[in-house]
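Order of the sequence lines sets the chain letters (A, B, ...), proteins ahead of strands, with each chain counted from 1.
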2 protein chains.
Amino acid sequence: MTSNKEIHETCFMKEKCLKYETCPMVLVQNLLSGKRKILILWYLNYETLRFNELRKKLPDVTQKMLTQQLRSLEADGLIYRNIYPVTPPKVEYGLTELGRKIIPILEMMHGFGADYLEKAELSSPVQEK
Amino acid sequence: MTSNKEIHETCFMKEKCLKYETCPMVLVQNLLSGKRKILILWYLNYETLRFNELRKKLPDVTQKMLTQQLRSLEADGLIYRNIYPVTPPKVEYGLTELGRKIIPILEMMHGFGADYLEKAELSSPVQEK
DNA sequence: ATTTTAAGTACCCTTTTAGATACTACGGCA
DNA sequence: TGCCGTAGTATCTAAAAGGGTACTTAAAAT
């Protein structure tokens with residue numbers, strides 16, 4: 001069993017982490033916390049997609065919400081938006097270099113989450129939103 | 001520059017990830033998304049703390065909110081709550097084994113977030129909540 | 001002349017989350 | 001006898017996030 005101390009030493013805690021407003025972890029959480037943002041990044045990690053292609057993959061997201069999330073991800077520099085000046089419009093979304101760098105975090109979250117679910121199945125059901 | 005394909009191959013994507021409700025990453029996001037939860041876990045990674053000790057470290061959190069977050073973290077199995085039957089009451093909070101396992105994710109988020117902030121300082125300011 | 005298509009906006013309403021304030025129980029202490 | 005400290009509840013209000021429906025634009029197809 002690992003001691004708190006051991007873990008503590010691998011932890012690169014800094015002053016700014018202790019203030020919620022300047023904490024880099026909290027920032028990342030904010031980057032990812034819009035509804036379906038994780039899934040959008042996950043899909044775009046496979047291939048660039050057009051607006052309606054994404055929409056088909058996320059059938060429970062309204063057009064408005066998808067636009068909102070995409071705009072937010074773009075503003076945060078995680079995805080790019082490429083407009084082809086044609087009619088009807090063609091708009092292509094993909095991960096930026098920065099966006100690709102956040103994928104390993106999602107993978108790690110996936111690893112923990114999958115473990116967690118396995119254990120949860122053995123005991124009580126997990127609260128989901 | 002890493003290609004999408006390379007990253008894709010390191011990605012252990014599974015069916016369940018493609019449905020928002022059953023996605024382990026989304027689960028982890030939910031585990032961490034209550035306000036100040038990250039910070040609470042971060043503090044408890046150092047040492048166990050009593051309710052009012054935590055409160056002093058989080059001066060902008062009301063008693064109610066702190067209780068709420070602690071209850072939620074406890075229900076999710078990330079922290080434990082140890083009640084000493086004395087008066088005035090003494091209640092001690094600490095990370096469970098599971099809670100300690102989520103810390104590396106926070107560290108990784110910290111790493112990305114810190115990088116991100118460095119770059120953001122050079123260009124436009126980041127949207128924070 | 002009307003319909004279709006892609007990629008949106010605009011406007012309004014509901015739900016969720018968070019914050020403010022006040023109150024409680026219990027025993028020890030002055 | 002009444003106040004202090006710990007660890008809370010309870011209640012109400014405000015702000016943020018999310019959802020539903022309708023409208024837009026411009027060219028090409030029917």
Can you tell if the side chain of [X] reaches within under 4.5 Å of the side chain of [Y], non-hydrogen atoms only?
{"X": "B:L31", "Y": "B:Q29", "result": "no"}
{"X": "A:Y43", "Y": "A:L95", "result": "no"}
{"X": "A:V28", "Y": "B:Y116", "result": "no"}

(request) Sugar-phosphate atoms are those with a prime plus P, OP1 and OP2; base atoms are the rest. Using that split, label each nucleotide of nucleotides 1-6 of chain C B, S or - for protein heavy atoms under 4.0 Å, 5' to 3'. (result) ----BB

(request) Quick one: list whatever passes side-chain hydrogen bond (donor to acceptor under 3.5 Å, both in side chains) with A:N52, sequence neighbours left out. (result)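 side-chain hydrogen bond (donor to acceptor under 3.5 Å, both in side chains) list for A:N52, sorted by chain: A:R55.
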
Has [X] got a side-chain N or O lying under 4.0 Å from the OP1 or OP2 atom of [N]?
{"X": "B:Y93", "N": "D:dT6", "value": "no"}
{"X": "B:R71", "N": "D:dG8", "value": "yes"}
{"X": "B:R81", "N": "D:dG8", "value": "yes"}

(request) Name all residues meeting the side chain to side chain contact (heavy atoms under 4.5 Å, CB included) criterion together with A:T87; count only those two or more places apart in sequence or in a different chain, and write none if there are none. (result)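 With sequence neighbours excluded, A:T87 shows a side chain to side chain contact (heavy atoms under 4.5 Å, CB included) to no residue whatsoever.
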
(message) Does B:Y84 reach a base, just sugar-phosphate, or nothing at all? Heavy atoms under 4.0 Å.
(response)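 Counting heavy atoms under 4.0 Å across all strands, no contact is made by B:Y84.
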
If only atom types and distance count, is the side chain of [X] paired as donor or acceptor with the main-chain N or O of [Y] below 3.5 Å?
{"X": "B:T96", "Y": "B:G77", "value": "yes"}
{"X": "A:S72", "Y": "A:Q68", "value": "no"}
{"X": "B:E118", "Y": "B:D115", "value": "no"}

Whole angstrom value for the distance that separates [atom2] of [N] from [atom1] of [X]:
{"X": "B:L66", "N": "C:dT21", "atom1": "CG", "atom2": "P", "value": "18 Å"}
{"X": "B:R55", "N": "C:dA20", "atom1": "CZ", "atom2": "P", "value": "12 Å"}
{"X": "A:L70", "N": "C:dA7", "atom1": "CG", "atom2": "P", "value": "11 Å"}

(message) Using five pairs at each end of the helix from C:dA1-D:dT30 to C:dA30-D:dT1 to define an axis, what is the angle between those two axes, to 10°?
(response)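 Comparing the axis at each end, I get an angle of 30°.
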
(request) Supply the atom-to-atom distance A:Q69 CD to A:E74 CD, rounded to the nearest 0.5 angstrom. (result)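 CD of A:E74 is found 13.0 Å from CD of A:Q69.
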
(message) If I take atom CD from residue B:E107 and atom CE from residue A:M25, how far apart are they, to the nearest 0.5 angstrom?
(response)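 Here the rounded value is 9.0 Å.
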
Output one line per pair: protein atom, nucleotide atom from nucleotides 18-23 of chain D, and distance, for all N/O pairs under 3.5 Å.
residue	atom	partner	partner atom	Å
D:dG18	OP1	A:K35	N	3.4
D:dG19	N7	A:K64	NZ	2.6
D:dG19	O6	A:K64	NZ	2.3
D:dG20	O6	A:K64	NZ	3.1

(request) Could you identify which residues cluster with B:Y80, counting Ile, Leu, Val, Met, Phe, Trp and Tyr as linked when any side-chain heavy atoms lie under 4.5 Å apart, either directly or through a chain of such contacts? (result)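 So far as hydrophobic clustering goes, B:Y80 is joined with none.
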
